Number of protein chains: 2
Amino acid sequence: MLKLFFMTRSEENYLKAIFHLARKGNKAVTTSAIAEQMDTKPSSVTDMVKRLAEKGMINYRKYQGVSLTKEGRKAALSIIRKHRLWEVFLVEKMDFAWDEVHEVAEQLEHIKSEKLIDQLDKLLGFPRYDPHGDLIPSKDGEFDETAKRLLTEIPLKSTGVCVGVRDSSVPFLKFLDKNNIALGDEITVLDKEEFDGSLHIQIGDRSMHISDQIASNLYVKLKE
Amino acid sequence: MLKLFFMTRSEENYLKAIFHLARKGNKAVTTSAIAEQMDTKPSSVTDMVKRLAEKGMINYRKYQGVSLTKEGRKAALSIIRKHRLWEVFLVEKMDFAWDEVHEVAEQLEHIKSEKLIDQLDKLLGFPRYDPHGDLIPSKDGEFDETAKRLLTEIPLKSTGVCVGVRDSSVPFLKFLDKNNIALGDEITVLDKEEFDGSLHIQIGDRSMHISDQIASNLYVKLKE
DNA sequence: ACAAATTTTTAGATTTGTCTAAAATATATT
DNA sequence: AATATATTTTAGACAAATCTAAAAATTTGT
């Protein structure tokens with residue numbers, strides 16, 4: 001028998017913060033780390049984590065930090081999903097620039113309506129990534145950031161390891177060979193041209209400029 | 001020198017409620033009326049109206065009820081504008097039915113982003129009425145509910161006085177004549193067919209059924 | 001006009017989310 | 001291992017928004 005708790009805006013924000021912190025160093029998340037992330041005081045965090053623990057959203061033992069429960073992870077992913085879908089909406093439908101969406105999405109992510117999110121998803125064509133290239137959790141809570149993806153889809157400044165090609169034609173493979181790009185190479189996306197979607201990348205010790213056509217045929221796995 | 005106060009969600013809701021109550025009986029709005037509208041206690045209302053008065057949003061004298069100031073009216077209209085634009089959005093873009101939009105719009109109306117609302121307005125084609133037929137306040141705070149409008153645009157169950165025609169061709173005037181519809185007549189919109197937009201109306205003591213084409217060529221002024 | 005009924009306000013308490021300052025616990029150093 | 005340092009928790013306070021119960025003011029009825 002599953003109990004459904006109402007989550008306040010603040011509780012949702014804490015869950016989100018804990019999720020993001022846990023994603024990095026994968027040990028228990030400390031009180032002070034949460035305080036820094038949320039721009040608040042450790043004592044406030046202690047109060048909140050007690051409440052979240054009572055609601056079954058996190059595991060908490062005094063002085064030992066916290067980790068998300070199944071429920072908590074599900075709730076956090078649901079909020080992140082909403083945030084990222086709204087970001088796509090703002091850029092695709094409302095002419096926002098990719099770097100001015102965050103603040104508004106922070107507000108929109110707390111709107112409570114399952115139907116609204118389902119329709120939003122549909123309106124946007126079920127996008128898999130947000131305007132920053134971050135993966136959008138699926139409705140059923142799937143969130144595999146390690147899955148291979150196209151080089152065009154990874155966030156700026158992130159690094160991917162080449163794991164395959166979408167186009168396996170001779171001309172494309174020749175291009176890769178000629179430019180010394182091989183499976184296993186690490187590619188960092190330095191910048192993207194607004195104009196044509198072409199990418200400035202760092203590969204090993206050299207940097208180069210590749211077209212959108214090239215990038216959208218290279219599969220990578222995100223590093224770190 | 002105008003001071004811009006941050007309005008909390010609760011304050012915004014009170015302003016909206018006061019605006020709607022003032023629109024009806026046009027004397028000072030009583031504490032108990034607000035309490036009933038907001039589903040809260042009179043003592044809570046007293047607390048809140050004091051705060052709103054301090055912020056210059058309402059005129060308040062103990063035991064004498066409240067009225068909106070210029071500032072307060074502007075703030076209320078801004079919230080109502082957002083609410084109604086979001087309602088149009090939900091119906092037009094998100095496949096919501098006109099009778100299931102209210103709850104979600106109540107949440108969306110508090111999102112703070114001028115750019116978002118401007119873009120929303122544009123995306124929707126600068127609509128003048130919401131899905132219930134209610135007038136959407138303009139960006140600059142204009143809100144003339146007494147202006148003439150098409151019979152197709154007034155809310156269900158509301159009554160309008162015929163004040164003119166858009167199409168002044170002989171066939172249309174003949175139709176009106178044949179059906180005993182004249183300037184000065186009061187028409188109440190009883191129901192609207194989803195299918196073809198035709199209207200069931202009450203005119204004097206008889207009721208009749210008119211097509212969307214007829215209704216969209218008759219100007220009325222809203223009564224009461 | 002004056003008592004009765006109603007409405008409004010005050011006073012004091014509660015909840016959520018926050019803070020500061022002090023106490024408790026854990027970690028690091030020698 | 002004992003002490004010093006850093007982190008975490010507790011305790012007490014505050015602001016927003018609400019409540020209940022009691023007091024004050026207004027309105028109503030005859």
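From a predicted model like this one, the values you see are computed outputs, not experimental measurements. Throughout, protein chains are lettered first and strands after them, A, B, ... in sequence-line order, and every chain is numbered starting at 1.
- Here CG of B:Asp130 is found 11.5 Å from CD of B:Glu153. Values are rounded to the nearest 0.5 Å.
- Straight-line distance from the CE atom of B:Met48 to the P atom of C:dT9: 15 Å, rounded to whole Å.
- Taking side-chain N and O atoms only, A:Ser44 has no distance below 4.0 Å to OP1 or OP2 of C:dT18.
- In the model, B:His20 has no side-chain atom that pairs as donor or acceptor with a side-chain atom of B:Gln37 under 3.5 Å.
- One atom, CG of A:Asp47, and another, P of C:dT15, lie 15 Å apart when rounded to the nearest Å.
- Between D:dT10 and A:Lys62, a contact under 4.0 Å exists linking OP1 or OP2 to a side-chain N or O.
- Between A:Thr30 and D:dT7 there is no side-chain polar atom (N or O) within less than 4.0 angstrom of OP1 or OP2.
- C:dT7 atom P lies 11 Å from atom CD of B:Glu36, rounded to whole Å.
- Distance OH (B:Tyr60) to P (D:dA25): 13 Å, rounded to an integer number of Å.
- As judged by a 4.0 angstrom heavy-atom cut-off over every strand, B:Thr31 is placed among residues touching the sugar-phosphate backbone only.
- Contact between the side-chain N/O atoms of B:Lys41 and the OP1/OP2 oxygens of C:dT8 is not found at any separation under 4.0 Å.
- Nearest nucleotide to the B:Tyr63 side chain, out of C:dT20, D:dA25, D:dC19: D:dA25.
- A sub-4.0 Å separation between OP1 or OP2 of C:dT8 and a side-chain N or O of B:Ser32 is present.
- With 3.5 Å as the limit, one finds a donor-acceptor pair spanning the side chains of B:Glu193 and B:His200.
- Across D:dT9, C:dT16, C:dT8, the shortest atom-to-atom separation from the side chain of A:Thr8 is found for C:dT16.
- Atom CD1 of B:Ile34 and atom C1' of C:dT7 are 13 Å apart (whole Å).
- Rounded to whole Å, atom C1' of D:dA16 lies 14 Å from atom CE of B:Met7.
- Between the C1' atom of C:dA26 and the CZ atom of A:Arg61 lies a distance of 13 Å, rounded to the nearest Å.
- Summarising the geometry, the separation between CD on B:Glu54 and P on D:dA16 is reported as 10 Å, rounded to the nearest angstrom.
- A 6.0 Å sphere centred on CZ of B:Arg61 holds no more than 12 heavy atoms belonging to other residues, nucleotides or ligands.
- Of all nucleotides listed (D:dT9, C:dT10, D:dT18), C:dT10 comes nearest to the side chain of B:Lys50.
- Distances shorter than 4.0 Å separate none of the side-chain N or O atoms of B:Ser43 from OP1 or OP2 on D:dA21.
- Without hydrogens or angle criteria, B:Lys41 side chain to B:Ala35 main chain gives no donor-acceptor distance under 3.5 Å.
- Nearer to the 5' terminus of DNA chain C, by closest-nucleotide assignment, is the contact made by A:Arg9 (compared with the other of A:Arg9 and A:Gln64).
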